[in-house]
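Numbers here are sequence positions counted from 1.
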Amino acid sequence: MMPLRCLSELARRRRPDRTVDAMRVGLQCLMSTSSSTKAPDTHRLSNTYATSCANVPEVAPNETPLSDMLVDSFGRFHNYLRISLTERCNLRCQYCMPAEGVELTPNSELLSHDEIIRIADLFVTSGVDKIRLTGGEPTIRKDIEDICMHLSELKGLKTLAMTTNGLVLSRKLPRLKECGLSALNISLDTLVPAKFEFMTRRKGHSKVMESIDTAIELGFKSVKVNCVVMRGINDEEICDFVELTRYKPINVRFIEFMPFDGNVWNVKKLVSYAEMMDKVRGRFKGVERLQDHPSETAKNFKIDGHAGTISFITSMTEHFCAGCNRLRLLADGNLKVCLFGPSEVSLREPIRAGVDDAGLREIISAAFKNLNLNVKRKKAKHAGMFDIAKTANRPMIHIGG
């Protein structure tokens with residue numbers, strides 16, 4: 001990999017001084033190398049449920065003029081931006097945060113309201129049409145309503161979504177809907193109040209259930225419930241979660257347990273997609289696969305007689321990288337092109353150094369490729385599950401759910 005000083009020298013020869021300054025600031029980034037150890041092929045799915053992502057068709061063009069800035073070397077167009085609004089959270093979920101907590105970024109180094117809107121506008125004018133707000137817990141940010149209102153006003157944005165733990169969501173939902181929030185993912189890993197307290201290290205199960213019901217009553221166009229499944233903890237509740245969809249028009253999404261810094265991931269805790277499907281088919285009749293969008297992360301199913309649907313996020317046993325259309329903007333302003341990739345690049349620093357939008361586009365689309373960090377050099381797929389577990393990465397609370 002070319003050293004930073006060599007890149008700066010190369011830029012000095014080729015570009016005007018102003019752009020060179022933008023590139024110098026933009027090259028302040030976190031870099032590390034993924035493990036090259038090949039994962040043993042010991043967790044192959046049965047052909048009954050396996051699907052290939054090698055032949056996923058290209059995503060249909062966006063109506064907004066597309067920018068080459070968001071197209072990687074595999075032809076994937078990235079029209080989905082996830083923005084983490086904060087690293088703080090009012091729960092302490094075991095798969096997300098270590099028991100002792102994590103060191104939080106100082107407030108002065110987090111993106112401000114105006115910086116968030118500026119970066120979002122830059123991406124939306126380049127073709128992003130879906131933004132999801134994450135955290136930490138986004139609802140604890142005091143200016144959450146204002147952020148939603150200004151984001152929803154961006155021309156070309158079709159969907160403004162939020163992933164939340166639902167703890168304080170219910171009372172905020174009417175105003176959030178008025179401000180343009182249109183879709184919700186609410187995290188809930190157990191239907192047992194006592195187990196909820198064990199898994200999250202906090203009380204509040206009834207408040208989350210109330211938030212789900214309120215979202216349905218208010219008519220949000222999409223209400224999804226995210227459930228991270230862990231063996232020996234909540235895997236026996238899979239069918240109970242499916243029962244929720246019998247009368248509630250929600251989408252329950254079962255997520256394979258993924259490794260992040262500090263969550264003590266162990267393959268023995270992983271419940272595979274195939275195993276989860278066996279449980280569901282063993283209890284429910286008329287389980288039918290739905291047609292998934294090419295960029296869909298989930299494998300979606302409907303069940304005869306149920307008002308809602310179920311889905312499976314199979315990041316560990318059957319990746320969906322070929323259709324990936326996601327970018328992540330972390331609360332500290334770093335851009336991350338892959339959830340499991342360790343590489344990031346700062347957009348906050350060039351903004352605060354006075355770089356204009358043209359300079360930011362230059363950083364995103366050109367300067368990063370020399371460091372293998374930009375969208376152009378995004379990999380075809382992430383590493384296997386055992387290599388992911390060995391790769392240095394941030395805690396999920398820092399990355400954003």
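For NZ of Lys302, the number of neighbouring non-hydrogen atoms (other residues, nucleotides, ligands) closer than 6.0 Å is 12 at most. Other residues, nucleotides and ligands contribute only 12 or fewer heavy atoms inside 6.0 Å of the NZ atom of Lys142. Within a 6.0 Å radius of NZ in Lys207, other residues, nucleotides and ligands contribute 12 heavy atoms or fewer.
Atom CD of residue Glu137 and atom CG of residue Asn165 lie 3.5 Å apart, to the nearest 0.5 angstrom. In this structure, CD in Glu115 is found 10.0 Å from CG in Leu329, a value given to the nearest 0.5 Å. The CG atom of Leu290 sits 7.5 Å away from the OG atom of Ser311 when rounded to the nearest 0.5 Å. With rounding to the nearest 0.5 Å, the separation of OG in Ser152 from NZ in Lys177 is 12.0 Å. Distance check: Leu85 CG to His113 NE2 gives 10.0 Å after rounding to the nearest 0.5 Å. Note that CG of Asn325 is 11.0 Å distant from CG of Leu81, once rounded to the nearest 0.5 Å.
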(message) Using the rule given for side chain to side chain contact (heavy atoms under 4.5 Å, CB included), can you reason through Cys148 versus Glu145, listing the C-alpha separation, both sets of side-chain angles and the distance that settles it, and then say yes or no?
(response) CA-CA 5 Å; Cys148 285; Glu145 289 90 355; 5.8 Å; no
(request) Could you walk me through whether Lys299 and Thr314 pass the side-chain hydrogen bond (donor to acceptor under 3.5 Å, both in side chains) test, one step at a time? (result) CA-CA 8 Å; Lys299 295 171 176 60; Thr314 62; 2.8 Å; yes
(message) Could you walk me through whether Asp213 and Lys248 satisfy the salt bridge (charged side-chain N to carboxylate O under 4.0 Å, His left out) test, starting with their C-alpha distance in whole Å, then the side-chain angles of each, then the deciding distance to 0.1 Å, before giving a yes or no?
(response) CA-CA 8 Å; Asp213 290 336; Lys248 296 181 186 292; 2.6 Å; yes
(request) Kindly determine whether Glu87 and Leu330 satisfy side chain to side chain contact (heavy atoms under 4.5 Å, CB included), including the steps that lead there. (result) CA-CA 9 Å; Glu87 296 175 352; Leu330 279 56; over 6 Å; no
(message) Go through it in stages, so that I can follow the logic: the residues are Arg283 and Lys279, the test is side chain to side chain contact (heavy atoms under 4.5 Å, CB included), and I'd like the CA-CA distance, side-chain angles, deciding distance and then a yes or no.
(response) CA-CA 7 Å; Arg283 167 88 169 267; Lys279 287 178 178 287; over 6 Å; no
(request) Go through the steps for Phe301 and Met277 under the test side chain to side chain contact (heavy atoms under 4.5 Å, CB included), then give the verdict. (result) CA-CA 10 Å; Phe301 296 80; Met277 273 303 304; 4.0 Å; yes
(message) Under the criterion side-chain hydrogen bond (donor to acceptor under 3.5 Å, both in side chains), I'd like the reasoning laid out for Arg361 against Ser126: C-alpha separation, chi angles, the key distance, then a yes or no.
(response) CA-CA 9 Å; Arg361 291 180 189 275; Ser126 299; 2.5 Å; yes
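Looking at Val124 and Leu151, their side chains never come closer than 4.5 Å, going by heavy atoms from C-beta outward. Looking only at side-chain heavy atoms (C-beta outward), Leu327 and Leu70 come within less than 4.5 Å of each other. Two residues are said to be in side-chain contact when any heavy atoms from C-beta on lie closer than 4.5 Å; Thr164 and Asn185 fail this criterion. Counting only heavy atoms from C-beta outward, the side chains of Arg253 and Thr297 approach each other to under 4.5 Å. Within the 4.5 Å cutoff, no side-chain heavy atoms of Ile313 are placed close to those of Phe254. Within the 4.5 Å cutoff, the side chain of Thr200 has no heavy atoms near those of the Leu167 side chain. At least one side-chain heavy atom of Ile147 sits less than 4.5 Å from a side-chain heavy atom of Arg141. Side-chain contact between Val267 and Phe257 is absent, with no heavy atoms from C-beta onward closer than 4.5 Å.
Across all their heavy atoms, Asp235 and Ile233 have their closest contact at OD1-N, 3.6 Å. When every heavy atom of Val225 is checked against every heavy atom of Phe241, the shortest pair comes out as CG1-CE2, 4.4 Å. When all heavy atoms are compared, the tightest approach of Ile216 to Val223 is N-CG2, 4.4 Å. Residues Pro138 and Leu133 share a closest heavy-atom pair of CG-O, 4.1 Å. Considering every non-hydrogen atom in both Ile310 and Val280, the closest pair reads CD1-CG1, 3.9 Å. When every heavy atom of Gly127 is checked against every heavy atom of Asn79, the shortest pair comes out as O-CB, 3.7 Å.
At least one cation-pi condition fails for Arg326 and Tyr80: the charged atom is not both under 6.0 angstrom from the six-membered ring centre and inside a 45 degree cone around its axis.
Side chain of Arg328 to backbone of Ile83: no donor-acceptor contact under 3.5 angstrom is found. Looking at Asp143, its side chain never comes within 3.5 Å of a backbone N or O of Asp146 through a donor-acceptor pair. A donor-acceptor pair under 3.5 Å is absent between the side-chain atoms of Ser222 and the main chain of Ala183, judged by distance alone. Proximity of a side-chain donor or acceptor of His205 to a complementary backbone N or O of Phe196 within less than 3.5 Å is not detected. Checking side-chain atoms of Arg348 against main-chain N and O of Glu109 turns up a donor-acceptor pair under 3.5 Å. Using modelled atom types, no side-chain atom of Arg132 and backbone atom of Arg82 make a donor-acceptor pair closer than 3.5 Å. Asn226 places no side-chain N or O within 3.5 Å of a backbone atom of Ile255 that could act as its donor or acceptor partner. In this structure, Thr190 contributes its side chain and Asn234 its backbone to no donor-acceptor pair below 3.5 Å. In this structure, the side chain of Ser211 engages the main chain of Ser170 through a donor-acceptor pair within 3.5 Å.
Remark: the Ser315 side chain and the Glu256 side chain contain no N/O donor-acceptor pair separated by less than 3.5 Å. Side-chain contact of Asn251 with Thr309: a donor-acceptor pair under 3.5 Å is present, judged by distance alone.
The residues Asp357 and Arg118 are annotated as salt-bridged, a charged nitrogen and a carboxylate oxygen being separated by less than 4.0 angstrom. Between Asp121 and Lys155, no side-chain nitrogen of the basic residue sits less than 4.0 Å from a carboxylate oxygen of the acidic one, so the salt-bridge criterion is not met.
Glu178 meets the side chain to side chain contact (heavy atoms under 4.5 Å, CB included) test with Arg175; sequence neighbours excluded.
Using cut-offs of 30° and 60° on the angle between ring planes, the pair Phe312 and Tyr273 is tilted.
Here the two rings, on Phe284 and His306, have centers that are under 6.0 Å apart.
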